[in-house]
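In what follows, a structure is listed as structure tokens, so that the remarks can point back to it.
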Amino acid sequence: MKRLTQWSGAKGSCLEIGNGTWSSWFIPLDKQVEEACNKVKGMKQLANGYNIVGISQGNLVGRGIVEFCEGSPPVNNLISIGAPQAGIASVPRAGGVPVISLANNILKAGIYSDYAQKRFAPSGYTKLPKNIKGYLKNCKFLPKLNNERPNERNPNYKKRLASLNNLVLIMHENETVIKPRESSWFGYYEDGNDKKVLQPRETKLYKEDWIGLKTLDKAGRVKFIKVGGPHVQMLDDDIKKYVIPYLQDKRR
């Protein structure tokens with residue numbers, strides 16, 4: 001945060017959800033978005049618009065603010081670094097006894113069980129290519145965020161995301177956490193196939209414009225960026241080139 005402020009000259013705040021790192025794992029994402037929404041509504045300095053820089057899972061909270069948070073200050077640019085925008089095909093690994101213990105319980109109950117969905121945030125964006133039916137029916141967060149349920153698509157989500165000045169999607173060439181890595185660009189495995197990856201413009205989400213991604217792209221407001229390095233790691237030069245310009249001018 002200090003470097004972003006120093007390099008851009010723009011004031012910034014780190015939006016803390018819950019109580020430390022474990023909260024990001026154990027608080028369901030809909031609750032995280034609700035908390036974040038209430039916080040940004042109370043920040044008077046954001047009244048005339050602001051930019052969001054999201055890291056990994058935090059991007060889904062950031063996009064949730066854009067799509068779900070009625071009456072909140074307008075978001076100008078959303079900069080997404082190493083995000084599971086289209087989901088993940090396997091639960092990310094993390095150290096620590098609490099996660100390992102919970103993971104064992106989830107393996108017994110199932111990733112789309114109520115047990116997992118209410119207790120483990122990554123279960124809310126785990127999209128198993130060979131169980132799309134279970135995903136659409138029981139996954140609580142990402143199907144809603146991506147407007148994937150045919151009979152529940154909300155045009156307001158599309159309208160709000162399409163109102164962004166820019167959506168900056170940064171994918172890491174040596175990504176090891178987000179599987180497939182193309183999820184950071186909204187690409188994903190073909191339904192029923194855990195081998196073939198569809199590029200973002202090949203997906204139904206894009207072609208049928210469920211969330212306004214195609215609308216933004218056709219207007220030249222989606223930036224598909226690839227950087228070297230592993231998950232969420234960026235060189236200073238890349239940050240200055242791909243992130244900082246979008247923090248300096250809300251009209252960009």
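Residue indices begin at 1 and follow the sequence shown.
The distance from the CH2 atom of W185 to the CD1 atom of I170 is 11.0 Å, given to the nearest 0.5 Å. Note that CZ of R221 is 13.0 Å distant from CG of L78, once rounded to the nearest 0.5 Å. Rounding to the nearest 0.5 Å places CG of D114 at 7.5 Å from CG of N138. Atom NZ of K240 and atom CG of L4 lie 11.5 Å apart (nearest 0.5 Å). If you take CG on L60 and CD1 on I65, they are separated by 11.5 Å, rounding to the nearest 0.5 Å. In this structure, the separation between OH on Y242 and CG on D237 is 10.0 Å, given to the nearest 0.5 Å.
Taking the six-membered ring where tryptophan is involved, the planes of F26 and F120 are tilted, since the angle between them lies from 30° to 60°.
Side-chain contact between I81 and V243: present, with at least one pair of heavy atoms (C-beta onward) separated by less than 4.5 Å. Inter-residue side-chain proximity for L213 and L205 is flagged as met; some heavy-atom pair is nearer than 4.5 Å. Side-chain contact between L167 and K223 is absent, with no heavy-atom pair separated by less than 4.5 Å. Counting heavy atoms from C-beta on, the side chains of Q57 and L29 come closer than 4.5 Å. For the pair W210/K204, a side-chain contact is recorded, criterion being any heavy-atom separation below 4.5 Å from C-beta on. F224 places none of its side-chain heavy atoms less than 4.5 Å from the side chain of M171. Residues E148 and L136 meet the side-chain proximity criterion, which asks for heavy atoms closer than 4.5 Å. N76 places none of its side-chain heavy atoms less than 4.5 Å from the side chain of L164.
Taking L235 as the reference, D238 meet the side-chain contact (heavy atoms from CB on, under 4.5 Å) condition, with sequence neighbours excluded.
A donor-acceptor pair shorter than 3.5 Å can be found between the side chains of N77 and N166. Counted by atom type alone, Y188 and Q85 present zero donor-acceptor pairs between their side chains at under 3.5 Å. Between Y50 and Q45, the side chains place no donor N or O within less than 3.5 Å of an acceptor N or O (distance only, hydrogens not considered). Looking only at atom types and distance, the side chain of R153 has no donor-acceptor partner in the side chain of N146 under 3.5 Å away. Under 3.5 Å, the side chains of S184 and H172 contain no donor-acceptor pair of N or O atoms.
For F186 and Y206, the distance between ring centers is not under 6.0 angstrom.
The pair E35-K39 meets the salt-bridge criterion, with a side-chain N (NZ, NE, NH1 or NH2) lying under 4.0 Å from an Asp/Glu carboxylate O. A salt bridge is absent between E67 and K159: the closest approach of a Lys/Arg side-chain nitrogen to an acidic carboxylate oxygen does not fall below 4.0 angstrom. Under the 4.0 Å criterion applied to side-chain N and carboxylate O atoms, K214 and E208 are not assigned as salt-bridge partners. Between K130 and D191 there is no salt bridge, since none of the side-chain N atoms of the basic residue sits less than 4.0 Å from a carboxylate O of the acidic one.
A donor-acceptor pair is defined here as one N or O able to donate and one able to accept, closer than 3.5 Å; such a pair exists between the side chain of S113 and the backbone of G110. A donor-acceptor distance shorter than 3.5 angstrom exists from the side chain of N147 to the backbone of N154, with no hydrogens or angles considered. In terms of modelled atom types and a separation under 3.5 Å, the side chain of E152 and the main chain of R149 share no donor-acceptor contact. At least one donor-acceptor pair closer than 3.5 Å links the side chain of S123 to the backbone N or O of A116.
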Pair E173-R181, side-chain contact (heavy atoms from CB on, under 4.5 Å): steps then yes or no: CA-CA 8 Å; E173 198 162 3; R181 65 180 185 177; 3.7 Å; yes
Verdict with reasoning, H231 to I178, per side-chain contact (heavy atoms from CB on, under 4.5 Å): CA-CA 8 Å; H231 184 60; I178 307 300; 3.7 Å; yes
Verdict with reasoning, I79 to I52, per side-chain contact (heavy atoms from CB on, under 4.5 Å): CA-CA 6 Å; I79 300 99; I52 294 177; over 6 Å; no
Pair I225-L169, side-chain contact (heavy atoms from CB on, under 4.5 Å): steps then yes or no: CA-CA 6 Å; I225 297 167; L169 302 172; over 6 Å; no
Salt bridge (charged side-chain N to carboxylate O under 4.0 Å, His left out) between K140 and D30, intermediate numbers included: CA-CA 8 Å; K140 304 300 184 185; D30 56 343; over 6 Å; no
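Y189 and Y135 fall into different hydrophobic clusters, where Ile, Leu, Val, Met, Phe, Trp and Tyr are joined by side-chain heavy atoms under 4.5 Å apart, directly or via other members. Linking ILVMFWY side-chain heavy atoms closer than 4.5 Å, directly or via other members, places I55 and I27 in two distinct hydrophobic clusters. In terms of hydrophobic clustering, with Ile, Leu, Val, Met, Phe, Trp and Tyr side chains grouped at heavy-atom distances under 4.5 Å, V197 and L142 are assigned to different clusters.
In terms of heavy atoms, C69 sits closest to V40 at SG-CG2, 4.4 Å. Here the shortest heavy-atom pairing between P84 and S183 reads C-OG, 3.4 Å. I132 and K127 get closest at one heavy-atom pair: CD1-CE, 3.8 Å. Shown here for C139 and G124, the closest heavy-atom pair between the two residues is SG-O, 3.2 Å. Listed here is the closest heavy atom pair of S90 and K179: OG-CD, 4.0 Å. Scanning all heavy atoms of the two residues, the minimum distance from A10 to T5 falls at O-CG2, 3.3 Å.
More than 12 heavy atoms of other shown residues, nucleotides or ligands fall within 6.0 angstrom of atom CG in D236. Heavy-atom neighbours of K41 NZ from other residues, nucleotides or ligands within 6.0 Å: above the threshold of 12.
Geometric assessment of K133 against the ring of Y112 yields a negative cation-pi assignment under the 6.0 Å and 45° thresholds.
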